[in-house]
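Report on the structure given below.
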Amino acid sequence: MDPAGERSDFSSVYEDHIWTVYAFFGYRVRSRPLAEDLTQTTFERALKAWDRYDASRASHQTWLLAIARNLLIDDSRRKQPAAPSSREPDEELESIGSSDGDPGASEVDLGLASDLQAAVESLGERERELIALRFGGDLNGPEIAELTGLTLSNVQQILSRALRRMRTTLAEHEGVASRQGP
């Protein structure tokens, strides 16, 4: 395919998936500027690797979210001390979304309702990642399992527990709001 055609194809993929990638980051980080920067970097990496994309291995969406997930891990490692780490990639994700010490950065509106944001933040890192892939990235269970290396039943179980925990948090938040009045 000629380079102009490849750019045209990538442009279409970008337009179709930019908000999905941004939504994924919206569930994972607490800063709009960081979510925007990571979204931009995801598409920069995707463009550089565009000639290596294999549609038989993954959809554009899954491929982009794999790049986004790896970018989060890389970003987390870059923020860690220089000492070698024996932590697993999921543990690397623990520090993501910290606001780099900026107390006001966590108050930036990422588009999630405040009660939903609180419910997401009440989850553990693995649960947040799967919620981000499912609802931010709009992936289904098998796609999440493939991307994370978990079994489908494990993905389903983690998502189910996370959603139950979020419902509880939302109900508690609603109860507090109704007691405080309008």
Side-chain angles (χ1 to χ4, degrees), residues 1-102 105-106 108-112 120 125-152 155 159:
M1 180 178 289
D2 68 276
E6 288 179 14
R7 279 192 300 276
S8 170
D9 288 346
F10 185 80
S11 176
S12 168
V13 168
Y14 175 85
E15 289 174 15
D16 291 345
H17 299 288
I18 186 165
W19 296 114
T20 301
V21 172
Y22 178 77
F24 167 75
F25 287 122
Y27 276 91
R28 298 296 295 145
V29 301
R30 296 176 184 98
S31 162
R32 175 177 279 174
L34 180 57
E36 291 170 352
D37 290 347
L38 291 170
T39 300
Q40 176 183 344
T41 304
T42 297
F43 281 97
E44 288 172 0
R45 286 186 180 184
L47 181 58
K48 288 178 185 174
W50 183 243
D51 62 331
R52 296 188 312 268
Y53 169 71
D54 182 357
S56 68
R57 294 188 63 205
S59 68
H60 289 123
Q61 180 175 326
T62 302
W63 180 65
L64 288 167
L65 289 171
I67 293 170
R69 183 175 185 264
N70 290 334
L71 183 59
L72 278 175
I73 293 168
D74 292 348
D75 187 61
S76 172
R77 287 180 180 155
R78 191 173 55 251
K79 290 177 182 175
Q80 296 301 314
S85 174
S86 62
R87 298 185 321 174
E88 293 294 317
D90 289 331
E91 293 172 0
E92 299 283 349
L93 295 173
E94 292 287 334
S95 65
I96 293 169
S98 67
S99 306
D100 292 323
D102 181 2
S106 64
V108 173
D109 179 19
L110 288 168
L112 295 177
V120 169
E125 287 303 315
R126 177 166 289 200
E127 293 168 320
R128 277 204 312 237
E129 178 183 21
L130 296 187
I131 290 291
L133 290 169
R134 175 65 189 101
F135 297 103
D138 200 29
L139 294 180
N140 61 33
E143 291 169 325
I144 295 169
E146 181 180 339
L147 185 63
T148 61
L150 299 171
T151 64
L152 177 57
V155 167
L159 284 171

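With values rounded to the nearest 0.5 angstrom, Arg134 atom CZ is found 14.5 Å from Phe24 atom CZ. Annotation: the span from Tyr22 atom OH to Phe43 atom CZ amounts to 13.5 Å, rounded to 0.5 Å. In this structure, OG1 in Thr62 is found 9.5 Å from CD1 in Ile144, a value given to the nearest 0.5 Å. To the nearest 0.5 angstrom, Leu38 atom CG is 9.0 Å from Ser31 atom OG. Put simply, CD on Gln61 and CG on Leu133 are 10.0 Å apart, with the number rounded to the nearest 0.5 Å. The CZ atom of Arg52 sits 11.5 Å away from the CZ atom of Arg57 when rounded to the nearest 0.5 Å.
With a 4.5 Å cut-off on side-chain heavy atoms, Thr42 and His17 do not count as touching. You'll find the side chain of Phe25 reaches within 4.5 Å of the side chain of Leu72, heavy atoms only. Looking at Tyr14 and Leu47, their side chains never come closer than 4.5 Å, going by heavy atoms from C-beta outward.
Closest of all the heavy-atom pairs between Leu64 and Ala46 is CD2-CB, 3.6 Å. Closest approach of Leu147 and Arg69 over heavy atoms only: O-NH1, 3.9 Å. Between Gly136 and Ala23, the shortest heavy-atom contact is O-CB, 3.3 Å. Nearest heavy atoms, Tyr27 versus Arg128: O-CD, 4.4 Å. In plain terms, the two heavy atoms of Ala35 and Thr39 that are nearest each other are O-OG1, 2.7 Å. Taking both residues in full, the closest heavy atoms of Val21 and Ala68 are given as CG1-CB, 4.4 Å, listed atom of the first, atom of the second, then distance.
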Discussion item. Between Arg126 and Leu150, does the side-chain contact (heavy atoms from CB on, under 4.5 Å) criterion hold? Intermediate values first, please.
Written reply: CA-CA 11 Å; Arg126 177 166 289 200; Leu150 299 171; 3.1 Å; yes
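Counting only distance, with no hydrogens or angles, the side chain of Glu143 and the backbone of Asn140 share a donor-acceptor pair below 3.5 Å.
Counting non-hydrogen atoms of neighbouring residues, nucleotides and ligands closer than 6.0 angstrom, the CZ atom of Phe135 exceeds 12 such neighbours.
Ring-centre distance between His60 and Tyr53: below the 6.0 Å cut-off.
By the 4.0 Å N-to-carboxylate-O rule, Glu125 lies close enough to Arg28 to be salt-bridged with it.
Side-chain contact annotation: Glu44 with Gln40, donor-acceptor N/O pair under 3.5 Å present.
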